[in-house]
Amino acid sequence: RSAVDVRLPPRVAASVVVSPAPAEAQLYRMVSDFVAQRYEESGGKPLDFALHLLQRQAGSSTHALCRAAGRALAEESWPGERDRRDLEEILDLASRHLQGSKGQQLGRMLSSRPGKTVVFTEFTATLDHLAEVCEQHSLRYARFSGAMSRAEKDAAITHFRDEADVLLSTGSGGEGRNLQFAGTVINFDLPWNPMRLEQRVGRVHRIGQTKEVFVFNFCQAGTVEEQLLRVLHDKINMFELVVGEM
């Protein structure tokens, strides 16, 4: 970057730590206890992918957690009776509290911010939830996910550029798309790989961007994601740096 004198507008980053409702906090503790107990029983081996994913989905939305727990029960991937009982309790509580505090906070933010905003999530169930949030607040939005065809993806980006105010995207939108006509990136949930976050922000904060770029990172208080943000944002200021400065 220094050799070719690339200069980009500054980034302004902020963490949005949302206080959960009591039922949401209880649900997250249930999932964390479920994962921790299975980890201890494994003798400290690296986390099974399904457990790792379950913890991440709990930090994303109750919609994602509900779909994951339901799929696990349907596939009978948890052989123990205690496993099934615990998952059924998680599914029951998650299905009764689908209006999450993070989603409500996002709706208020999107309604009050001018300009175009890209909202990233890791999970399609959360993407469905975010679409509901946009509809509740009468926001014009486009959807982008890896399950779409190339033509559908192109149409979604065109709709966002020309008409919509919000692009709701899974992580696949952080790969290879130029979105510098937007000015705000919201990470509704966090991938646990920091460079995936840089890929997301880099879709908007790139050559051709002429305005300040705002980055908002959402998380629920008391979660793994809050700890991750404390390191990335507070300690190393990752979100206001570009790759060459890290």
Side-chain angles (χ1 to χ4, degrees), residues 13-39 46-72 86-87 89-107 109 118-133 145 168-174 185-201 215-235 238-239:
S15 298
V16 182
V17 182
V18 180
S19 297
E24 292 178 285
Q26 178 188 356
L27 181 61
Y28 193 86
R29 285 195 300 271
M30 289 170 64
V31 173
S32 297
D33 289 346
F34 180 87
V35 172
Q37 289 167 6
R38 275 64 187 176
Y39 175 72
L47 270 185
D48 177 87
F49 178 73
L51 289 173
H52 181 277
L53 193 61
L54 193 68
Q55 186 76 63
R56 289 174 54 208
Q57 287 164 319
S60 176
S61 70
T62 51
H63 293 69
L65 179 59
C66 199
R67 186 173 298 181
R71 183 180 296 119
D86 289 349
L87 282 170
E89 291 178 358
I90 289 170
L91 176 59
D92 177 63
L93 184 57
S95 63
R96 289 189 279 115
H97 296 89
L98 293 177
Q99 294 302 317
S101 301
K102 282 172 61 185
Q104 295 172 16
Q105 177 69 30
L106 177 69
M109 178 178 284
V118 184
V119 183
F120 282 107
T121 176
E122 288 286 280
F123 304 104
T124 55
T126 301
L127 196 70
D128 294 339
H129 170 50
L130 299 183
E132 293 174 359
V133 169
S145 75
L168 306 176
S169 178
T170 58
S172 60
V185 176
I186 296 178
N187 293 305
F188 188 77
D189 52 35
L190 300 177
W192 290 1
N193 179 344
M195 290 313 301
R196 294 279 305 282
L197 287 164
E198 178 58 35
Q199 287 176 343
R200 292 177 174 185
V201 179
V215 181
F216 295 99
N217 299 301
F218 274 59
C219 68
Q220 179 177 301
T223 62
V224 172
E225 288 74 21
E226 184 184 19
Q227 298 175 43
L228 179 64
L229 272 181
R230 188 175 298 118
V231 173
L232 297 182
H233 186 272
D234 299 345
K235 291 191 176 182
M238 192 192 93
F239 297 102

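Worth knowing before you read on, the calculation uses all heavy atoms, side chains too, and leaves out hydrogens, waters and symmetry mates.
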Atom pair CG/CG of Leu87 and Leu54 - distance to nearest 0.5 Å: 6.5 Å

Measuring from atom OG of Ser95 to atom CD1 of Ile90, what distance do you get when rounded to the nearest 0.5 angstrom? 12.0 Å

Looking at Val133 and Gly103, what are the two nearest heavy atoms and their distance? CG1-O, 3.6 Å

Heavy-atom closest pair, residues Tyr28 and Val224: OH-N, 3.0 Å

Residues Leu93, Gln26; criterion side-chain contact (heavy atoms from CB on, under 4.5 Å); working and verdict: CA-CA 9 Å; Leu93 184 57; Gln26 178 188 356; 4.0 Å; yes

Are Phe120 and Val185 side-chain neighbours, meaning at least one heavy-atom pair lies under 4.5 Å? yes

Note: Ser169 and Leu127 closest approach over all heavy atoms is N-CD1, 3.6 Å

Any donor-acceptor pair under 3.5 Å from Glu122 side chain to Ser60 backbone: no

Which distance, rounded to the nearest 0.5 Å, do you find between the CH2 of Trp192 and the CG of Leu228? 8.5 Å

Please confirm whether the backbone N or O of Phe188 pairs with a side-chain atom of Lys102, one donor and one acceptor, at under 3.5 Å? yes

Yes or no on side-chain contact (heavy atoms from CB on, under 4.5 Å) for Val16 and Cys219, after CA distance, side-chain angles and deciding distance? CA-CA 6 Å; Val16 182; Cys219 68; over 6 Å; no

Search all heavy atoms of Asp189 against all heavy atoms of Pro191 and return the closest pair with its distance. O-CD, 3.9 Å

Using modelled atom types and a 3.5 Å cut-off, is there a donor and acceptor pairing between side-chain atoms of Ser101 and backbone atoms of Val18? no

The test is side-chain contact (heavy atoms from CB on, under 4.5 Å); show your working for Phe123 and Arg67 and say whether it passes. CA-CA 10 Å; Phe123 304 104; Arg67 186 173 298 181; over 6 Å; no

Using the test salt bridge (Lys or Arg N to Asp or Glu O under 4.0 Å), find all partners of Asp92 that sit at least two apart in sequence or belong to another chain. Arg96

First locate atom CG of Leu190, then atom CZ of Arg196, and finally report the distance between them rounded to the nearest 0.5 Å. 11.5 Å

Ring geometry between His129 and His63 (parallel below 30°, tilted from 30 to 60°, perpendicular above 60°): parallel

Can you name the closest pair of heavy atoms from Ser15 and Leu229 and give their distance? OG-CD1, 3.9 Å

Roughly how far, to the nearest 0.5 Å, is CG of Leu65 from CG of Leu53? 10.5 Å

Expected output: side-chain Thr223 to main-chain Glu226 donor-acceptor under 3.5 Å: yes

For the CD atom of Gln55 and the CZ atom of Phe34, what is their distance to the nearest 0.5 Å? 11.0 Å

Yes or no on side-chain contact (heavy atoms from CB on, under 4.5 Å) for Gln220 and Glu225, after CA distance, side-chain angles and deciding distance? CA-CA 7 Å; Gln220 179 177 301; Glu225 288 74 21; over 6 Å; no

If I compare all heavy atoms of Arg200 with all of Thr121, which pair ends up nearest, and what's the gap? NH2-C, 3.8 Å

